[in-house]
A.B. asks: 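Below you'll find the structure I mean.
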Amino acid sequence: MLVIDTETYLIGPGRIAPKPVCIQLCDERREPWILLASDPDTPDILEALINEETIVGHNLAFDMGVLCEAYPQLQTPIWRAYTEDRMLCTQVLEKLIHIAHGWDTKDPRSNLPLKTNLASLATTYLKHEMKGKDSADAWRFRYRELDSVPLEKWAPDALRYALDDALITYEVHQSQRAWMIKNNKICMDMYQRARGAWALHLMGAWGLRTDPEKVDELAQRVRNRVQGAKITLQRTGLIKPDGKKDLKAIRSQIDRAYRIQGKDTPKTAKGSVGTSREVLAASGDVSLQLLASISNDEKLLTTYVPVLERGKTLPVNASYNPVVATGRTSCRSPNVQNQPREGGVRECWIPRQGNVYVQADYSIAELCALAQCCIYMGVESSMAKALNEGRDLHLDLASKIMSISYDDALRLKSEGDKEIKNARQMAKIANFGIPGGLGVVSLVSFAKMAYGVVLTETEATDLRNQWLEAYPEMKAYFRYVRDQLRTQERFELRQWRSARIRGNVGYTDGCNSPFQGLAADFGIDMCFHVARACYIDVQSPLYGCRPVAFVHDEIILECEADRGHDAAIELQAIMERRARAWCPDIPIVAEPCIMTRWYKDAETKYGSDGRIIPWG
DNA sequence: ACGCGATGCGCC
DNA sequence: AAAGGGCGCATCGCGT
């Protein structure tokens, strides 16, 4: 086992893999040593080590990105080591440990906020304070001053700081292993997630660009609408002279408006007057309704437009979190996983000159994963059966709701029958809502929120019963979770196949996690395999493509325009193959397409020669 | 000036 | 028996 750490030039937009200054190493001898990046022997030494050892690092993906960029000869060895489960990130492992215990705010071992930076881990595991006592920390951002400077001339603190990081990482990792064993919480998917972290890091590092003209158009449009309304609202006192909302005034006006209507004032969880768009819109008050009408544009203007502006001149480098409680990933700075589908934000993202986006997503990934979970449980699954018969799952349920055969449902749908269309809509509500443990009351609001469908409680009850009848295995699925909770308030969940542990779950999260986590597992696994094809598989049609975004069941690559078709087909093939590896009993389908921008509902579009051409 | 809880809202 | 989950981000307002 070998710890690798690097000190580098500074990071900046478009510079996520900066030039290294030195590489520190530490193995079981616990005597860290250092290689100068400028030493011509360094890449060969590293190559030999990476070919042999299990490599450990804190935020390892960053260091591997640095090394790949500085020494192209290391690319293949690094990818091989990831593929052979010889790459391990202590930061990712720490997150898995937290999830396994079900911790989310404080680390009970140290009573400190739950963080995963190296200093926090040193405190928690080693009782070692990395900061404050000396000047070593001061070197953190100054290593570029030491580029090509022989080690004899380094300030002792600069050397010590660099070496300490490697040693501490080594010691922390030993402690993590001891902790997992002592608490019987071995994080079996730590290598898998380290792979995912690597693929996601590369996506963030490559970055996304925006279309300057489109961004300006959007910004202009949205700004005008918000500005106009704000001037009016300042006169009515709902917005203060400084442009900020006066929540006190807004809340009291909402209260008044609802009283006038003879309705109860909507309250939040903590008991204050709710101020959501829905509340404002239903207030019957013109000013409040005006406020509601700009809510959407305000969100675009404050959250999304500034990021799009940045992308006009520099790559936007999102940073991904390779694992959260359910097993999914998350993304920040910016969060490219929650770009609005409506309003023209997505369409501002464009591939670099001469490229197209090759994109694909899994269809009904989580439902497929749910069916596979039932099979893993040893339960016969009619959902799996329907999927294996190639049925559209929503239409299948719709046919059962209407008490007709699947073939008749297919025929009616193709004829544009209204009743079957409605039934299929109801089926979607059931399929997407109920697996997570939605009760009747919540199902009603879920239908309204997500689909604009108004259900009575009776209708929701019927729908839920029909769903349970169509998929009898789901009774066993829910029963398993209930059984866990018969003798305890919370329990420890073990994911199928990945064996990832999630501690401290109750009923609804206990229902959700198995299938959401399984879909997340094959999603991130797919990212790794796609990225590997893009970066090092010279034989692959994806070679040279660059993944730029991952959104749970969707991946987007930049690809040279004339290679789009072959890339799309290969992307689909890898995606379906990786899904199979996790869900061997379910045929999971990926749908590829080519786009000139990030369109929300792009579909596979064929040219006259039968090859896929850009959508939109 | 800054931190933080509450609230609301974007996505899958 | 009943029970959607879970991210990130911006804003407001209060407290230190």
Side-chain angles (χ1 to χ4, degrees), chain A residues 99 104-105 113 239-240 242-251 266-280 291-292 295-307 318-343 345-346 361-367 369-370 429-447 449-450 461 464 478-479 481-482 485-486 489-490 493 502 505-517 519-520 523 549-554 598 600:
Chain A
I99 292 165
D104 60 354
T105 45
I239 285 182
K240 293 187 276 194
D242 64 3
K244 290 182 174 176
K245 284 185 198 155
D246 188 338
L247 281 179
K248 219 174 260 174
I250 292 170
R251 289 202 171 99
K267 295 288 172 63
T268 66
K270 302 271 175 189
S272 64
V273 175
T275 58
S276 67
R277 178 167 53 217
E278 210 185 341
V279 170
L280 296 170
L291 198 55
S295 144
N296 188 253
D297 286 329
E298 265 195 303
K299 183 77 176 168
L300 298 188
L301 191 60
T302 55
T303 305
Y304 298 100
V305 166
V307 173
S319 128
Y320 287 87
N321 173 358
V323 63
V324 297
T326 50
R328 275 194 170 188
T329 60
S330 68
C331 178
R332 59 190 279 274
S333 310
N335 183 355
V336 299
Q337 295 181 327
N338 72 347
Q339 297 297 299
R341 299 174 59 84
E342 309 290 334
V345 170
R346 285 198 183 203
D361 57 12
Y362 288 115
S363 54
I364 55 170
E366 289 191 353
L367 283 171
L370 175 62
I429 294 168
N431 279 334
F432 290 136
I434 301 174
L438 268 185
V440 170
V441 175
S442 308
L443 191 58
V444 171
S445 66
F446 176 75
M449 283 289 287
T461 307
R464 193 163 185 277
F478 292 136
R479 191 185 318 121
V481 183
R482 267 204 312 273
L485 294 165
R486 250 164 17 106
E489 214 164 291
R490 316 285 289 176
L493 193 84
R502 181 178 179 192
V505 300
Y507 181 75
T508 51
D509 38 3
C511 293
N512 246 293
S513 233
F515 68 86
Q516 191 171 100
F550 171 60
V551 190
H552 307 302
D553 61 1
E554 167 188 10
W598 189 355
K600 57 169 174 162

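Below, chains carry the letters A, B, ... as their sequence lines are ordered, and counting in each starts from 1.
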A.B. asks: Counting only side-chain nitrogens and oxygens, does A:T268 get under 4.0 Å of the OP1 or OP2 atom of B:dT7?
C.D. replies: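 Looking at the OP1 and OP2 atoms of B:dT7, one of them is under 4.0 Å from a side-chain N or O of A:T268.
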A.B. asks: For A:R346, which contact category applies under a 4.0 Å heavy-atom criterion: base, sugar-phosphate, or nothing?
C.D. replies: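 Sugar-phosphate contact only - A:R346 comes under 4.0 Å of backbone atoms but never of a base.
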A.B. asks: If only side-chain N and O atoms of A:K270 are considered, is one of them under 4.0 Å from the OP1 or OP2 phosphate oxygen of B:dG8?
C.D. replies: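 So the side-chain polar atoms of A:K270 never come under 4.0 Å of the phosphate oxygens OP1 or OP2 of B:dG8.
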A.B. asks: Contact class for A:C331 (heavy atom, under 4.0 Å): base, sugar-phosphate, or nothing?
C.D. replies: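 Answer is sugar-phosphate: A:C331 comes under 4.0 Å of backbone atoms only.
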A.B. asks: Checking contacts here: which listed nucleotide (C:dG8, B:dC12, C:dT11) is nearest the side-chain heavy atoms of A:R341?
C.D. replies: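 Given the options C:dG8, B:dC12, C:dT11, the side chain of A:R341 is closest to B:dC12.
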A.B. asks: Can you tell me if the side-chain N/O atoms of A:R328 get under 4.0 Å from OP1 or OP2 in C:dG8?
C.D. replies: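 Answer is no, no contact under 4.0 Å.
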A.B. asks: Is the phosphate of B:dT7, meaning OP1 or OP2, less than 4.0 Å from a side-chain N or O of A:S276?
C.D. replies: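 Checking A:S276 against B:dT7: no side-chain N or O falls below 4.0 Å of OP1 or OP2.
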A.B. asks: Starting at CG of A:L493 and ending at C1' of C:dG5, how long is that distance when rounded to a whole Å?
C.D. replies: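 Atom CG in A:L493 sits about 13 Å away from atom C1' in C:dG5.
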A.B. asks: On the side chain of A:K299, is there an atom forming a donor-acceptor pair with the base of B:dC9 - under 3.5 Å, no angle test?
C.D. replies: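 Yes, a donor-acceptor pair under 3.5 Å.
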A.B. asks: Please give, in whole Å, the distance from B:dG8 P to A:M449 CE?
C.D. replies: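 Spelled out: CE on A:M449 to P on B:dG8 is 11 Å.
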A.B. asks: Taking the side chain of A:L247 as its heavy atoms from C-beta onward, which of C:dG5, B:dC9, C:dC12 lies nearest to it?
C.D. replies: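 That would be C:dC12.
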A.B. asks: Closer than 3.5 angstrom, by distance alone: can the side chain of A:R332 be matched with the main-chain N or O of A:N321 as a donor-acceptor pair?
C.D. replies: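 Side chain of A:R332 to backbone of A:N321, a donor-acceptor pair under 3.5 Å: no, none is there.
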A.B. asks: Can you list the steps and then say if A:N512 with A:T326 is a side chain to side chain contact (heavy atoms under 4.5 Å, CB included)?
C.D. replies: CA-CA 8 Å; A:N512 246 293; A:T326 50; 5.8 Å; no
A.B. asks: Whole Å only: how far is the CZ atom of A:R486 from the C1' atom of C:dA1?
C.D. replies: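 Between C1' of C:dA1 and CZ of A:R486: 14 Å.
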A.B. asks: Between C:dG5 atom P and A:I434 atom CD1, what is the distance in whole Å?
C.D. replies: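 So the two atoms are 15 Å apart, to the nearest Å.
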A.B. asks: Spell out yes or no: do the side chain of A:N338 and the base of B:dG10 have one donor N/O and one acceptor N/O closer than 3.5 Å?
C.D. replies: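 Answer yes: a donor N or O sits under 3.5 Å from an acceptor.
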A.B. asks: Mind checking if A:V345 touches a base, just sugar-phosphate, or nothing, with heavy atoms under 4.0 Å?
C.D. replies: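 The answer is nothing, as A:V345 stays clear of every strand by at least 4.0 Å.
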A.B. asks: Of the nucleotides C:dA3, C:dG8, B:dG10, which has the atom closest to the A:P340 side chain?
C.D. replies: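 Side chain of A:P340 sits closest to B:dG10.
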A.B. asks: Quick one: label A:G506 by what it contacts on the DNA or RNA (base, sugar-phosphate, nothing), any heavy atom closer than 4.0 Å.
C.D. replies: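 Nothing, no nucleic acid heavy atom in range.
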A.B. asks: To the nearest angstrom, how far is A:N431 atom CG from C:dG5 atom C1'?
C.D. replies: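 Checked: the CG to C1' distance equals 17 Å.
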A.B. asks: Under 4.0 angstrom, heavy atoms only, what part of the nucleic acid is A:Q339 near: base, sugar-phosphate, or nothing?
C.D. replies: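 Sugar-phosphate: the residue A:Q339, judged by heavy atoms under 4.0 Å, touches backbone atoms but no base.
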A.B. asks: Are A:T303 and C:dC9 close enough that a side-chain N or O sits under 4.0 Å from OP1 or OP2?
C.D. replies: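 Result: no.
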A.B. asks: Working note: A:Q339 + A:K600, criterion side chain to side chain contact (heavy atoms under 4.5 Å, CB included); need CA distance, chi angles, decisive distance, verdict.
C.D. replies: CA-CA 10 Å; A:Q339 297 297 299; A:K600 57 169 174 162; over 6 Å; no
A.B. asks: Heavy atoms under 4.0 Å, any strand shown: does A:S333 hit a base, just sugar-phosphate, or nothing?
C.D. replies: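 A:S333: backbone/sugar contact only, no base atoms under 4.0 Å.
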A.B. asks: To the nearest angstrom, how far is A:E366 atom CD from C:dC7 atom P?
C.D. replies: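 So the CD-P distance, A:E366 to C:dC7, works out to 13 Å.
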A.B. asks: Do you know the tightest heavy-atom contact between A:Y304 and A:N338?
C.D. replies: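 It is OH-O, 2.9 Å.
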A.B. asks: Considering only distance and modelled atom types, tabulate donor-acceptor pairs under 3.5 Å from the side chains of residues 267-280 of chain A, sequence neighbours left out.
C.D. replies:
| unit_1 | atom_1 | unit_2 | atom_2 | d |
| --- | --- | --- | --- | --- |
| A:T268 | OG1 | A:K270 | N | 3.4 |
| A:T268 | OG1 | A:G271 | N | 3.4 |
| A:T268 | OG1 | A:S272 | N | 3.2 |
| A:T268 | OG1 | A:S272 | O | 3.3 |
| A:T268 | OG1 | A:S272 | OG | 3.2 |
| A:S276 | OG | A:V279 | N | 3.4 |
| A:R277 | NH1 | A:S295 | OG | 2.9 |

A.B. asks: What are the two closest non-hydrogen atoms of A:A520 and A:G327, and how far apart are they?
C.D. replies: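 Shortest heavy-atom contact: CB-O, 3.2 Å.
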A.B. asks: Reckon A:K240 touches a base, only the sugar-phosphate, or nothing at all at heavy-atom distances under 4.0 Å?
C.D. replies: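 Sugar-phosphate contact only - A:K240 comes under 4.0 Å of backbone atoms but never of a base.
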A.B. asks: Nearest-Å distance, CG (A:L291) to P (B:dC9)?
C.D. replies: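 Whole-Å distance recorded here is 10 Å.
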A.B. asks: Figure out the CZ/P separation between A:R482 and C:dA3, and round it to whole Å.
C.D. replies: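 Going from A:R482 (CZ) to C:dA3 (P), I get 11 Å.
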A.B. asks: Between B:dG10 and A:N296, is there an OP1 or OP2 to side-chain N/O distance shorter than 4.0 Å?
C.D. replies: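 Result: yes.
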A.B. asks: Using modelled atom types only, decide if a donor and an acceptor are shared between the side chain of A:Y320 and the backbone of A:F550 within a distance under 3.5 Å.
C.D. replies: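 The answer is yes, because a donor-acceptor pair under 3.5 Å joins these two groups.
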A.B. asks: Look at the side chain of A:Y507 and decide which nucleotide, out of C:dG5, B:dC12, C:dA3, has an atom nearest to it.
C.D. replies: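 That would be C:dA3.
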A.B. asks: Under 4.0 Å, heavy atoms only, any strand: does A:S513 hit a base, just the sugar-phosphate, or nothing?
C.D. replies: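 Touches nothing.
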